[in-house]
Amino acid sequence: MNRIRLGLMMLGLLILTGTGLAERLDLATMENAEQAQTLIEKTWDYPIPYELLKTSDYIVLANKTHLLDENYIPQDLVKVKVRKISSTPIEMREAASDALTALFEAAKADGISLYAHSGYRSYRTQKTMYYNRLKKNNGKDDGVVAVPGSSDHQTGLGIDVINKAGIGKKFTSAFAKTKEGIWLAEHCWDFGFIIRYQKDKEDLTEIIYEPWHLRYVGIQVSEYLRQSNLCLEEFTEEWQRAVQAYEN
Ligand SMILES: [Zn+2]
């Protein structure tokens with residue numbers, strides 16, 4: 001009799017333990033499902049890879065509200081190998097310089113002659129230019145020369161490219177209508193460049209339309225900016241929001 005009772009008690013205990021285990025298993029499965037759900041919600045669906053945005057220094061933004069440090073000097077500056085307006089060497093970051101060479105070669109193959117003008121400009125040079133302009137303009141900033149730290153040329157990724165007819169003249173938006181300007185606007189993206197200061201983005205870039213100013217961002221980003229028609233300011237805001245949403 002005692003044995004039977006003991007047996008029954010043990011059986012009951014087993015069932016209880018078993019139930020507990022099953023409940024715990026259920027809970028674990030639910031937690032896993034929740035985690036899985038969170039992961040699904042956190043899927044990266046922005047058109048540019050997360051790793052690229054977190055590591056690329058070719059998407060740096062320099063403008064009046066995003067000033068580059070006065071000590072910022074790119075560490076991989078090289079002399080560009082393309083045809084230039086003057087004999088003064090032009091420097092750019094290595095990847096940008098290589099892309100520029102490829103762009104000039106493709107242009108040449110299409111019968112387009114391009115000339116490089118201004119590439120990397122140091123903070124100090126920009127500062128001198130800025131104060132010279134102020135002096136010339138009775139101390140007033142007329143927006144022609146960028147405030148030191150805000151110039152795209154300090155990134156080492158910006159370059160001014162014009163045609164033969166433009167040599168020695170003031171750059172104007174009329175360049176966009178020349179065959180060289182048209183070629184650049186159509187093909188620069190294929191080499192990782194963007195037209196940094198577009199006509200319909202003047203209120204965002206706070207810089208007048210400059211169809212001659214190319215800016216290297218890398219091919220994945222340039223292709224995306226071509227099809228989305230975003231300027232660098234809009235792109236920066238967009239990708240930073242995507243990264244923030246993904247990380248929080
Ligand atoms: Zn420029």
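Fair warning: this is a prediction, and the values are worked out from it, not measured in the lab. Both ligands and their constituent atoms are indexed starting at 1 by order of listing.
A salt bridge links Arg196 with Glu233; the closest basic N to acidic carboxylate O contact falls under 4.0 Å. The pair Glu94-Lys79 fails the salt-bridge criterion, with no side-chain N (NZ, NE, NH1 or NH2) lying under 4.0 Å from an Asp/Glu carboxylate O. Of the charged side-chain nitrogens involved, at least one lies within less than 4.0 Å of a carboxylate oxygen, so that Glu223 and Arg226 count as a salt-bridged pair. A salt bridge links Lys201 with Glu234; the closest basic N to acidic carboxylate O contact falls under 4.0 Å.
Asp160 has its closest N, O or S atom to the Zn ion (ligand 1) at the position named OD1. Note on His213: its N/O/S atom closest to the Zn ion (ligand 1) is ND1.
Residue His153 counts as close to the Zn ion (ligand 1), with an N, O or S atom under 2.8 Å.
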